[in-house]
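Please read all numbers here as calculations on a predicted model, not as lab measurements. In what follows, every heavy atom counts, from backbone to side chain, and hydrogens, waters and symmetry copies are set aside.
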Protein chains: 2
Amino acid sequence: MTTTNSLTYDDLGSAAQRDRRRRILDATIALASKGGFDAVQMRAVAEQADVALGTLYRYFPSKIHLLVSALARQFEDTQSMVSRKPVPGETPSERVIYVLRRATRGMQGDANLTEALTRAFMFADASVATEIHVVGMQLTTMLNRAIKGDAYVEGEQPSDEEVAVARVISDVWLSALVSWVTGRATAEEVADHIETAVRLVLR
Amino acid sequence: MTTTNSLTYDDLGSAAQRDRRRRILDATIALASKGGFDAVQMRAVAEQADVALGTLYRYFPSKIHLLVSALARQFEDTQSMVSRKPVPGETPSERVIYVLRRATRGMQGDANLTEALTRAFMFADASVATEIHVVGMQLTTMLNRAIKGDAYVEGEQPSDEEVAVARVISDVWLSALVSWVTGRATAEEVADHIETAVRLVLR
DNA sequence: ATCGGAACTGCAACGTGTTTCTATTATGAC
DNA sequence: GTCATAATAGAAACACGTTGCAGTTCCGAT
């Protein structure tokens, strides 16, 4: 760990390094948003982030790492904006459907970005396990909050059944998302399919 | 349609063309089985199938098309061997778990091949919709047979609920498979997760 | 048997992810 | 301030999916 500048909680390096990392992720998201997975070209990211190609690879060892890291940051940003208010809805089903509907709409609002991030997520191999795990935890937390509603307490362990339910739902959500980003299902079909699955699992 | 040689049900071209197609898929599966997705290199497939690179691309317009077609053929072969006997098990849950366990074991027996085919399936975009649909139908049929057991009748339309259940299960199965091929879950975890999900959905 | 078009071969070339290398610059220890 | 080290820039080169093309071979119709 470096000795100077302990403004940060984790060891993210110097301010200059944190700034480079931020610029790189910004560029990644901008390019993904404009043209999807294919438009996130490493040379283009490097140029737009104003770093050398080698530096980009020093920060993110592959295009997949880069995109999954971008996904994690996006998710985090979104969550921190939303997670203050309790999830509306009377039953777990209603709350989960509300949350997923909202998330899905958000992603469909930027189809290119979603396509890029989803593709990367599905293509990631074991070397991306760390980044993937971050996203998985974010997803699980979001779903548990929705399932439990007011009864949700941070840090409390969910039961085995709750874990299983959350996992099935995120599997369905992911599959639906993949069908959508690859053009095999419409937004409506995705929404229907998710609702059906949620009602099936949460009854 | 060519006039000679109507041994085949669909129009698959001349015998020489069918043979080339077969050789290409054989080479694809052999290479995938040996080294996974990365080892299925178009030049290598062409060489091993004894066709020119351009010919390979005439038969399969991309690596993804090639691999998803290989998946469809593998699936078909497996199904035709299995689908004669009824699925053992007293309840839908038991039968579905039996079938998935068997299929999963089969895939885990050739991890490289499974990795290659699964990756391709998850990466496929709209241009591969036809091939994907074939695989999706195979999967749905397999699950419906398992859910209905002796009551299964070929051609009979499953109810909405049955369709939804089958779809959720295949989503979970696919996600589990992806976790496994990308090294994020062990075979045991996959089996457990699937069983839990099936019991959750089929109760 | 021949003709015309489709299919095939062999090969070069391009684009993009990834690696590698050298020269230069920034950073922390003393 | 100086030095050793790590980080970065810049650019070339490699790997593999994909495309394009000139010449050759195959195949069905006549």
Taking atom C1' of D:dC16 as reference, at what distance in whole Å does atom CG of B:Leu66 sit? 14 Å
Roughly, in whole Å, what's the span from CG in A:Leu67 to C1' in C:dG17? 12 Å
Send over the distance from A:Asp125 CG to C:dT18 C1', rounded to a whole Å. 14 Å
Within a strict 4.5 Å, meaning less than it, do heavy atoms of the B:Arg119 and B:Thr182 side chains meet? yes
To the nearest Å, how far apart are A:Arg58 CZ and C:dT20 P? 14 Å
Rounded to the nearest angstrom, tell me the gap between atom CG in B:Asp19 and atom C1' in D:dC26. 15 Å
Check: A:Asp171 side chain, B:Asp171 main-chain N or O, donor-acceptor pair, under 3.5 Å: no
A:Ser62 versus A:His65, side-chain donor and acceptor atoms under 3.5 Å: yes
Whole Å only: how far is the CD1 atom of B:Ile64 from the C1' atom of D:dT18? 13 Å
Taking CZ from A:Arg23 and C1' from D:dA9, how many angstroms apart are they, rounded to a whole number? 13 Å
Within residues 37-57 of chain A, find the residues that approach DNA chain D with a heavy atom at under 4.0 Å, and present them sorted by residue number. A:Arg43, A:Asp50, A:Val51, A:Ala52, A:Thr55
Does the side chain of A:Val134 reach to within under 4.5 Å of the side chain of A:Glu76, using non-hydrogen atoms? no
Can you find a heavy atom in the side chain of B:Glu131 that is under 4.5 Å from one in the side chain of B:Leu71? no
Looking at C:dT18, D:dG17, D:dT8, which one has an atom nearest to any side-chain atom of B:Lys63? D:dG17
Could you check whether any side-chain heavy atom of A:Met122 comes within less than 4.5 Å of a side-chain heavy atom of A:Leu174, counting everything from C-beta outward? yes
Would you write out the dot-bracket form of DNA chain D, 5' to 3', with Watson-Crick and G-U pairs under 3.5 Å, [ ] for crossing pairs, | for pairs to other strands and . for unpaired bases? ||||||||||||||||||||||||||||||
Non-hydrogen side-chain atoms of A:Gln74 and A:Leu113 separated by less than 4.5 Å: yes
Measuring to OP1 and OP2 of C:dC8, would you say a side-chain N or O of B:Tyr59 lies under 4.0 angstrom away? yes
Should the ring pair B:Phe123 and A:Phe123 be called parallel, tilted or perpendicular, given that the plane angle runs from 0 to 90° and is split at 30 and 60? tilted
Starting at CD of B:Gln138, measure out to CD of B:Gln79 and round the result to the nearest 0.5 Å. 7.0 Å
